[in-house]
**Student:** 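Okay, here's the structure, questions in a sec.
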Amino acid sequence: MARNHEPKIFLFLSQILGKRIFDSKGRSLGKIVDLVANLTEPYPYVTDILLAPRSGRKQMFLPWQRITDVNNKTVAYPVTPDDFREPVLRENEALLKDALLDKQVVDTNGAKVLRVNDLHFLKTLNNLLLVHVDVGFRGLMRRVGLERPLDLFLRWFFDYTLSDQLISWKFIQTLASPDLLRLKVTQNRLARLHPADLADIIEELDIYKRTAVFQSLDVETAAETLEETSSEIQVSLIEDMEPAEASDIIEEMSLSEAADLLGDLPQDRAEDILKEMEDEFAEDVRELLVHHEGKAGGLMTTSFLRFAPSATVGEAMDCIRREAEDMDLIYYIYVVDEEEKLSGVIGLRELLTAPSKTSLGELMHTRVVSVNLDEKKGQIADHFAKYGLLAIPVVDEMNRIKGVIIFKNLLEVVAPQLGQ
Amino acid sequence: MAFNILKIKTTAFQNISRLRLWKSLGIFFVLIGPGIITSNVDNDAGGITTYSLAGADFGLELLWLLIPITLALIIIQEMCARMGVVSGKGLSDLIRERFGAKITFYLMIVLFFANLGNTVAEFAGVAASMEIFGVSKYIAVPAGAVFVWWLVVKGNYKSVEKAFLVACLFYLSYIISGFMGKPDWSEVRSAVLTPTIRFNYPFLVMAVGIIGTTIAPWMQFYLQSSVVDKGLKVDDYNYTRMDVILGSLTVNIVAFFIILLCAVTLFHSGIKIENAKDAALALEPLAGTYCSLLFAFGLLNASLFAASILPLSAAYTICEAFGWESSLNHKFAEAPQFYGLYFLMIFLGAGIILLPDMPLISIMFYSQVINGVLLPFILIFMLLLINDRRVMGHYTNSLFMNVVAWLTVASLIFLSGAMVFASLI
C-alpha cells in the first residue's frame, strides 16, 4: 500500500476552544480563543490560532503548524517571538468563532436558515480543515456541556442515540457581516437556490441581511426572487435601493408583477423608478397601475399578442418567435378587429398544427370567455375553474381587449385564502 | 398590412398610491403596535390583581409610584425598541450571538418557566372573571385556551396585531369604571404630588410588587421581536419611540384608575380583598353593578390578551435563540419546536388551573420570584448589548442615557433582589 493514508481525526470547535497551549518546556503560553481560517474552496483551512495569554497581555496569532498534541496536552514547538504575529486578518481570512459560531447561515442544500451550534474539523497530518457545520440539538448540548448526560439519558430511557446534524461546508453560505461585503466577489452559493426557496430564505432574515443578500444577486435572479416574495418585503427591499438599480431589476419582472410592486411603493419612490425605466416598459406599467388590485384590471398584464383576422398562421408564428422572450403570455393569441374589439382566440397548439397559409379569422374560436375590467377576483377564479383556461382576456364595456389575466397571477391573489 | 401588433397607448396616470394623503399621521398609525401592545399586555391578570390590592389596602398612598414606574418603563422599552430597529434582530438572537450557547440555554429554560407561571396566572384570571359572569371554570378555561390557539394559529401577524389593538381599547373599561367610583379629585392630586413612603413590611412589599408586575423579563423579548417582525427601519424610529412612550403611558394610566377605583371604594369602606375577583364582587354594592361588570370584563380581556401573547412570546424567543423555525407563517411540520412549545405553554397553563387542589397562590408567587431572578440578567445583557458598537453602530447609548439607564437598572435589580429575598424568608 502507498503511504498516503494520513491519520484522520474529526474535531469540534468547542473541543478546541479554551485549550491551553504549552511550549516545549511545559510553560503555559495561554488559551485558544479563536481560530483563523483561510476561506478557500472547497474547504477552509486553519492558518493560525488566536492565543490569549494568561496575564492580560495582548492577544496574538500563532501558526497552526507550530502546534501539536502530546498526551492530550497541546504543545507548541519551540516558539520564538517571531512565530507570533499581530492579530490582523489577511486577505480571505476570517476568525471562525467570531464569524460563524452562534450565527445564522444558509444551508443551500436544504434551503433553510440555520443557527450554527458547532464547527466540525478534519485534522490531517498538516492541516485542520473546516468540513462541516453542526446545527443539531446534540451540538447545542455539547456547547452547554450536557452532551454526555443527554446521550446517557436518551440511551437509558429511550434506547436512542441522537446523532449529530452536520451539514457539509460546500452547502453553507455564511451571512456574517464581514463576509456579506464579499458576497458579490466570491462565489455566491445562494445563486444555486431556486428563486422560490431564495425568497423564503430572504423573508426569514433580518432586514439588513435581507438587503445585503438581495443586493448580492444578479439582476435576473433578483427579479425572479422578488416575484416570489411577499409584497411588504418587496417594498422594503426596493426602498433600500437606488432607483436606477431598482428599475433594472423591476424591468426583468413580468409586467403585472412589476405593476403590483410599483403600486405598493410610495408614490414619489415609484415615480423615481419609473423615470429610470425604458420608456416602453414604464408606459405599460403606468397603464396597469390605473386599476384596482383585487379586480380584473389590476390582475391583468398588457404583455400579450393580438392579431388582425386577416393575418395568416405563418405570420403569427413568425411574430411569436420574435416576441416570445418579452411576452408574459404566448399560449393564446387573440384576434381583434380594427377597433380592437375581441373577436376570437387561438391556442398555441392549434396554431402549431394548422397549415401556415390559413388565415387566423378561419381558425379562431369565436366563443371567447372574457371578463370585464371591474370583475372581482372571486368571479375570475370561478371562470378559471369552470373553463380550465390558462388565461382569460379582459375587455371594456365596448368589448375592446384591454389585457389578459394569467392563471399564475390570479393564483397569487387567491392562494393565501385557500389554506384557511 | 397583413398583421400588426397593437400596443395599448398609455393614458396619463399619476395617482400611483394613496399613501401620500396619510403621510404624517398615517405613518404613525401604520407603524404603531409593538409598543402599545407590549405595554398593555403588561396589565395582565397579575397586574390587575396587584393594583386592586394596592388600592384596597393602601388607598391612594401608592399612586405616586406610577410616575417613576412610567419613566423606568419608557427608558427600558426605548432601549429594546432601538436595539430591534437598529440591529434588525430579536433580543434572544443578540444574546445568543454575543454571549454564546451556554448562557442562552439556561436563560431560556428560566424564561420558559417564568412565562409558564405567568400563563397560569392569566388562565386563573380567565377563570375568576368568568365566574363573576356565572360561568364555571371547567368551561371557561378550556374555551379560553381554544380561543387563544385559534386566534394565533389561524390568524397571521397583521390580523393578530389588529385583534390585539382592539383588545387594548377594551382597557378603557377600567378608566370608565374608575370614573364611576366618583373619586375626590383634589385628594387624588395631592396623593400623586406628595409621595408617601412607609417603612413597614406590607407597604414595601406592595411597592416592589407593583414595580415587579409592570417591568417583566418577557416584555423586553416580546417588544424587540415585534419591532423586528414589523420590519421597522431606522428611519421609522421616531414613530417607534412615540409608540413605546404612548404604550408606557397608557399602561400606567390604566393602573392609575384601577388603584384609584379600589382606593375610593374598597379602602374607604374598609373592605379587605384577596384577589381581583373579590375586587370586582365587592365593587357591586359600592359603585353599582355596571362598574363591577366592567371591572370583571376588563379582567377577562386582560387575561385572554396576555394568555395569547405570553406563550407566543416564549415560543418565539426560545426558537429564535436556538435557530429553530419560528413563525406563524409556517405550517406545523415546518416549525415543530415552535408549535410544540406554544402548545405546551397553553396546555400546561390552562391544565394546571383545572387540576383540583393546585396551590395556585404559590404557583403565581414563585413565578413572580423567577421573574425577579431573571430580570437583572436580562437588563444587564441589554445594557451591554446596547453599548456594543458592533451591534448598534452609532446608535449606542449616550453618556446621559447610560447614567440614567444604569441607575434605573440598578434600582430595579435592587428591588427585584429585595423581593426575591423577602419572598424566600
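Order of the sequence lines sets the chain letters (A, B, ...), proteins ahead of strands, with each chain counted from 1.
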**Student:** How would you list, in number order, the residues of residues 88-102 of chain B that have a heavy atom less than 4.5 Å from chain A?
**Tutor:** B:Gly88, B:Lys89, B:Asp93, B:Arg96, B:Glu97, B:Gly100, B:Ala101, B:Lys102
**Student:** Output all residues satisfying ring pair (Phe, Tyr, Trp, His ring centres under 6.0 Å) with B:Tyr106, sequence neighbours left out; order by chain, then residue number.
**Tutor:** none
**Student:** Report which part of A:Lys97 has an atom under 4.5 Å of a heavy atom belonging to chain B: side chain, backbone, both, or neither.
**Tutor:** neither
**Student:** What part of A:Asn117 is in contact with chain B, defined as an atom under 4.5 angstrom from a non-hydrogen atom: side chain, backbone, both or neither?
**Tutor:** both
**Student:** Can you find a pair of side-chain heavy atoms, one from B:Val234 and one from A:Tyr208, that are under 4.5 Å apart?
**Tutor:** yes
**Student:** If you count heavy-atom pairs within less than 4.5 Å of chain A, which of B:Thr104, B:Val86, B:Ile103 leads?
**Tutor:** B:Val86
**Student:** With only heavy atoms counted, which part of A:Leu360 is less than 4.5 Å from chain B, the side chain, the backbone, both or neither?
**Tutor:** neither
**Student:** Evaluate whether atom CZ of A:Phe281 has more than 12 neighbouring non-hydrogen atoms of other residues, nucleotides or ligands under 6.0 angstrom away.
**Tutor:** yes
**Student:** Which atoms of A:Glu204 come close to chain B, meaning under 4.5 Å heavy atom to heavy atom: side chain ones, backbone ones, both, or neither?
**Tutor:** side chain
**Student:** Report the residues that fulfil salt bridge (charged side-chain N to carboxylate O under 4.0 Å, His left out) with A:Glu325, sequence neighbours left out, ordered by chain and then residue number.
**Tutor:** none
**Student:** Measure across B:Val85 and A:Ile207 and return the closest heavy-atom pair with its distance rounded to 0.1 Å.
**Tutor:** O-CD1, 4.5 Å
**Student:** For B:Phe105 and A:Met141, work out which heavy atoms get closest and say how close.
**Tutor:** CE1-CE, 3.0 Å
**Student:** Where does A:Val116 contact chain B at under 4.5 Å (heavy atoms): side chain, backbone, both or neither?
**Tutor:** backbone
**Student:** What are the residues of residues 375-396 of chain B, in order of number, with any heavy atom under 4.5 angstrom from a heavy atom of chain A?
**Tutor:** B:Arg390
